[in-house]
2 protein chains.
Amino acid sequence: MNDSKPRSKSGTDSDSTSGTRSGAKTGATTGAAQGGGRSRGKRTPPASSSAAAPARRSDATRAAILDAARERFAADGYERATIRAIARDAGIDPSMVMRYYGNKEGLFAAAVSVDLKIPDLASVPRDRIGATLVAHFLTLWEENEQLTALLRVGTADAAGAERLQDVLREQLLPVVRATCPDPEQIRMRAALVVTQTLGLALTRHVLRLPPVTELTRDELVAWLGPTLQRYLTAPHSAWPEA
Amino acid sequence: MNDSKPRSKSGTDSDSTSGTRSGAKTGATTGAAQGGGRSRGKRTPPASSSAAAPARRSDATRAAILDAARERFAADGYERATIRAIARDAGIDPSMVMRYYGNKEGLFAAAVSVDLKIPDLASVPRDRIGATLVAHFLTLWEENEQLTALLRVGTADAAGAERLQDVLREQLLPVVRATCPDPEQIRMRAALVVTQTLGLALTRHVLRLPPVTELTRDELVAWLGPTLQRYLTAPHSAWPEA
DNA sequence: GTTGTTGGCCAACACCTGTTGACCAACGCT
DNA sequence: AGCGTTGGTCAACAGGTGTTGGCCAACAAC
């Protein structure tokens, strides 16, 4: 199951002269973290007065590569997502991937630059924080393949796990910090929240376990919302036994 | 980080004439699912009156292979756990793995024959089921490397995901069925339970996220117990909005 | 002693991987 | 025109992978 079948894009395979393929779903996060890509000559366009990118012709190719990489990483994991397959999906040569992103690790780093844009915390009533978070995460995972790729690779690769950990620490921990008053309990409550949140993402978007995928969005919000609410705001007093 | 370091076992590397290496932790599940292993001659010992296995000399080797395979699969995932590395850990030649288990897939199938032996359901009071389940799963994951291997591979491989799904369906669903009266809600409640349970296992044993690994066993039971309790036994009435 | 089976090692095969360097077609300058 | 840069292809390399077949030592049976 590895050959002769272009996944979903790259409708025509032979003509690959000009860019503008079908994809480019959500802005593609082009400029971020290109890191390793050193081409032959010098970079630095001859004269750019403003600091904005001069909109090269290859930007479409870069975006196509990142799109294909996200899809492959999310679907197949790090090892099985070969550079050749990604390049084939993007309609270009594998060496282009190397030239733009240095190596496979750099490609992955550029492909998953996740921004779990957690919304305004103070505008929701305090007893609705759990449900709001669940609903937000549900839409986020559904519309963003990078998260699935990040989680899937994080479970297989040590470096991927570290990157996932970074994302959670930098973006999820502030939410807990803003919600929980006692600074000594922040790490504990963040751990609890992460347990339930990643469990939902894992079973629903990575493993795709049928009983979980059957649940509707409203059911999940109704059931998991109170859980997160409790993990975030409930006082921890009732100890069954010490 | 792939070479020249025998993981934990196989103390002496050169002499490998007789078996009886150090390992063989927990019975090793030898007879189960050997499937593909066809050796050169015919199997079938010349005369075995009783149906019990005649205790071959190679059983120690088989157990060592399975032990090493479990460890490698749990630590490195399916792709990175190479047969050569597993064989090196077990102190034998890679071709032995092939002869005994046919191919890598057969080895994995034999290595993860999981039995999440869920305890007596009726003996615990009904309002303690959640806490009991959490405590049981915690000990199970800690003492059993196969579960980590199964979950890690399940996230990377489609076949692994299916096997994990089988295990959950056959062994976790009966618990929910025995706990929940309404048969129409069984799948939903099983999904909820699986969400929280696998989330704990993922973050604690696969990703090893520091805030989660810092939590003590008692804290986890105290916090996640009520969650499972609610997922299993609470009536689902309070709908925020339809 | 001879013979057959078992347990094991060794060397290779075919394939796939990431990665590299050489080469080439446009296009923008001056 | 001439030239440099950009975007891209092609063919290969070195290394690792699963997998296979041939050979060998020990032991059991006749």
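Predicted, not measured: the structure shown is a model, and the values here were computed from it. So you know, we letter chains A, B, ... as the sequences are listed, proteins then strands, and number each from 1.
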Legend entry - A:Leu107 CG to C:dT17 C1', straight-line distance once rounded to whole Å: 15 Å
Legend entry - Pairwise ring pair (Phe, Tyr, Trp, His ring centres under 6.0 Å) hits with a residue in residues 62-81 of chain A, at least two apart: A:Phe73-A:Tyr78, A:Phe73-A:Phe108, A:Tyr78-A:Phe108
Inset, instruction - May I have the distance from B:Met96 (atom CE) to D:dA25 (atom C1'), rounded to whole angstrom? - result: 13 Å
Legend entry - Contacts of B:Ser95 that satisfy side chain to side chain donor-acceptor pair (under 3.5 Å) - sequence neighbours left out: B:Asp93
Inset, instruction - Could you work out which one of D:dT17, C:dG8, C:dT19 sits closest to the side chain of B:Tyr100? - result: C:dG8
Legend entry - Options D:dT17, D:dT19, C:dT19, nucleotide nearest the side-chain atoms of B:Pro94: D:dT19
Legend entry - Shortest side-chain distance from B:Asn103, nucleotide among D:dT19, D:dG22, C:dT19: D:dT19
Inset, instruction - Round to the nearest Å and state the distance from B:Ile65 atom CD1 to C:dC9 atom C1'. - result: 13 Å
Could you list the donor-acceptor pairs under 3.5 angstrom formed by side chains in residues 202-211 of chain B, with sequence neighbours left out?
unit_1   : atom_1 : unit_2   : atom_2 : d
B:Thr203 : OG1    : B:Gly199 : O      : 2.8
B:Thr203 : OG1    : B:Leu200 : O      : 3.2
B:Arg204 : NH2    : B:Leu215 : O      : 2.4

Legend entry - For atom CE of B:Met98 and atom P of D:dG18, their distance in whole Å: 9 Å
Legend entry - Protein-nucleotide distance (A:Tyr78, atom OH; C:dT17, atom P), rounded to Å: 14 Å
Inset, instruction - In whole angstrom, give the distance that lies between atom CZ of B:Arg88 and atom P of D:dG16. - result: 11 Å
Inset, instruction - Record whether the side chain of A:Ser95 comes under 3.5 Å of the base of D:dC10 through a donor-acceptor pair of N or O atoms. - result: yes
Inset, instruction - Measure the distance from CG on B:Asp93 to C1' on D:dT20 and round it to the nearest whole Å. - result: 12 Å
Inset, instruction - Report yes or no: does A:Glu145 contribute a side-chain atom to a donor-acceptor pair with the main-chain N or O of A:Ala74 at less than 3.5 Å? - result: no
Inset, instruction - Look at the side-chain N and O atoms of A:Thr61 and state whether any lies under 4.0 Å from the OP1 or OP2 oxygen of D:dG8. - result: yes
Inset, instruction - Report the residues that fulfil side chain to side chain donor-acceptor pair (under 3.5 Å) with A:Asp115, sequence neighbours left out, ordered by chain and then residue number. - result: none
Inset, instruction - Taking only the side-chain heavy atoms of A:Arg99 (C-beta and beyond), determine which of D:dG22, C:dG18, C:dA22 contains the nearest atom. - result: C:dA22
Legend entry - Residue pairs, two or more places apart or on separate chains, that pass salt bridge (charged side-chain N to carboxylate O under 4.0 Å, His left out) and touch residues 189-201 of chain A: none
Extract from the structure each pairing of a protein N or O with an N or O of nucleotides 12-15 of chain D at less than 3.5 Å, listing the distance.
unit_1 : atom_1 : unit_2  : atom_2 : d
D:dA12 : N6     : A:Arg84 : NH2    : 3.4

Inset, instruction - Inspect the contact between A:Asp166 and A:Arg163 and indicate whether a charged nitrogen and a carboxylate oxygen are less than 4.0 angstrom apart. - result: no
Legend entry - Rounded distance (Å) that lies between atom P of D:dG16 and atom NZ of B:Lys104: 15 Å
